[in-house]
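I have placed the structure first, in the form of structure tokens, so that the comments after it can refer back to it.
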There are 2 protein chains.
Amino acid sequence: MTDAPVPDVKALSATALPHGESAARIAAALREEILGGGYQPGERIRQQELAAQNGASRVPVREALRILEAEGLVTLVANAGSWVSSLSAQECKEMYQMRERLEPLLLRFSTDSLSEDVIDQLQQLADLMQESTDIEQFIALDRQFHLLSYSAASTIMLGDTIMRLWNRTQHYRRAYTRMFRAERDDSVHYDHQLLVSALRNRDAEDAERVLASHIRRTRLALARHPEIFAA
Amino acid sequence: MTDAPVPDVKALSATALPHGESAARIAAALREEILGGGYQPGERIRQQELAAQNGASRVPVREALRILEAEGLVTLVANAGSWVSSLSAQECKEMYQMRERLEPLLLRFSTDSLSEDVIDQLQQLADLMQESTDIEQFIALDRQFHLLSYSAASTIMLGDTIMRLWNRTQHYRRAYTRMFRAERDDSVHYDHQLLVSALRNRDAEDAERVLASHIRRTRLALARHPEIFAA
DNA sequence: GTACTGCTGATTGCATTCAATCACAGCGAG
DNA sequence: CTCGCTGTGATTGAATGCAATCAGCAGTAC
């Protein structure tokens, strides 16, 4: 009972995987789990449990937790444990203000190099989102849309920082989306369409402005629903 | 010769320090060492060595390296080793562009809450810098000046991100400072004086503009000296 | 002389093991 | 009944030891 329940599967996957990537792999798995909603903010993470799930010992798990701590997704307290990070309304607002200034910059870097193909894909994603009824699907499409619009930018830290901002606010964006659907606010979709137009015209200036407004609008909408951050 | 040369001191400090903070402590020590110029970009970091220096085993050292990797100060490659991260001219430019957009925001958050005392200190630091002849001292004062100007802002991720940007570019700022002294460029000092004035007037708009120009000017100056990034 | 192969030492990656710390239940005193 | 104390179980922190991997070099074949 104290041993792993599926030792054969564990051995199978362990031997198939390369030596020297455990920490990164575990971190990636946990990250996906958190972003996907499998863990709630404030939920405790037990090292032993994670180790068993990934067929590894606690040492690489601890390294993985350090990685996610640095990304802000997990909070570690010495001798106490680790929890999925949660945000206050204030912190979330701050991150949206950062996004408001950073993402237009990344978009500018991307605009000129975007292929027509990718812009077509963006158009499709925007249309799909407008017709989407499933919340999880909408969340995924929205993320895809924006990240794809940045995909032609070859940056190091800027893209990375923005990814962190997206990840840390992911849970609250999901909570907000539930509200948004109730309120039937279509401005999000208009923003997306305007963005695609600006990109097609290679008008970086306009694209920056539209994107800044888009993020700002979301920030203000979030501010109107402080109940999301009740914790 | 393979053992630690000062086992007594090691034991002394180990027992005096709390249990459960090793990784953070080692990370902090290595961070200071890198920022202080003790390590050069591209220099290799050996786990065993670091462990011996800090009187710990390699396990917390590995956690510390993961922390610094996430901060961008260290680069890890599986089964190969870890090195102090180095930047290309392109990456450095990118980080300065990020700073150009983010730091004015942080300064805005800080402006209203800065006490007159702190503004006086800023004035003193600006004056000291102008008279400073030692490069290391100038670097330290400049860092103090800007971080102090942000000190009244109570942010979570914004301040953190900016600190990372400062840290990752620290080595190249040091290299640039050597150039700057040769070129006798005083615009840096004028910027600082203008910044103090704006803060004293509580003119956040003006402070933002001055700071953005200040950072932009440094970025352009760095771009004129690509030889700094020869690697 | 050059390219390839196998070996050796050094270094990293991870599992195991033990020590330190904390949370909490149960008990007793006021 | 409330407050404080103590002991036990659970959980984390870190040291040790072994396996996996890599870099460099000697030796050999061509």
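Labels below follow one simple rule: chain letters A, B, ... track the order of the sequence lines, proteins then strands, and each chain is numbered from 1.
Candidate nucleotides C:dT11, D:dT11, D:dA15 were compared by shortest atom distance to the side chain of B:Arg44, and C:dT11 ranks first. Listed candidates were C:dG13, D:dG13, C:dA15. Nearest to the side chain of A:Ala78 is D:dG13. Out of C:dG13, C:dA15, D:dT12, the shortest distance to the side chain of A:Ser57 is found at C:dA15.
Distance A:Glu63 CD to D:dG13 P: 13 Å, rounded to the nearest Å. With rounding to whole Å, A:Leu65 atom CG is found 15 Å from D:dT11 atom P. Between the P atom of C:dG13 and the CD atom of B:Glu69 lies a distance of 10 Å, rounded to the nearest Å. In this structure, the CD atom of A:Glu49 is 12 Å from the C1' atom of D:dT11, given to the nearest Å. Atom pair A:Asn79:CG and C:dA23:C1' shows a separation of 12 Å (rounding to whole Å applied). The distance from atom CG of A:Asn54 to atom P of C:dA15 is 11 Å, rounded to the nearest whole Å. Straight-line distance from the CZ atom of B:Arg62 to the P atom of D:dA14: 15 Å, rounded to whole Å. Atoms CG (A:Leu50) and C1' (D:dT11) sit 14 Å apart, rounded to a whole Å.
A:Ile45 comes within 4.0 angstrom of sugar-phosphate atoms only, judged by non-hydrogen atoms across all strands, and of no base. If you check every strand for non-hydrogen atoms under 4.0 Å, A:Arg46 touches sugar and phosphate atoms only. Among the protein residues, A:Ser22 comes within range of the sugar-phosphate backbone only, with heavy atoms under 4.0 Å from sugar or phosphate atoms but none that close to a base.
With respect to A:Glu63 and A:Arg66, no salt bridge is recorded, no charged nitrogen being found less than 4.0 Å from a carboxylate O. Ion pairing of A:Glu21 with A:Arg25 is absent here, as no side-chain N (NZ or NE/NH1/NH2) approaches a carboxylate O to less than 4.0 Å.
Taking a 6.0 Å sphere around CZ of B:Arg217, one finds it holds more than 12 heavy atoms contributed by other residues, nucleotides or ligands.
Donor-acceptor pairing under 3.5 Å, judged by distance alone, is present between the side chain of A:Arg58 and the base of D:dG13.
For the residue pair A:His171 and A:Gln40, a side-chain donor N or O sits within less than 3.5 Å of a side-chain acceptor on the partner.
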Output, in order, the C-alpha distance, side-chain angles, deciding distance and verdict of salt bridge (Lys or Arg N to Asp or Glu O under 4.0 Å) for B:Glu71 and B:Arg168.
-> CA-CA 8 Å; B:Glu71 290 179 14; B:Arg168 290 189 70 168; over 6 Å; no
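Residue whose closest nucleotide on DNA chain C sits further toward the 5' end, between A:Pro60 and B:Gln48: B:Gln48.
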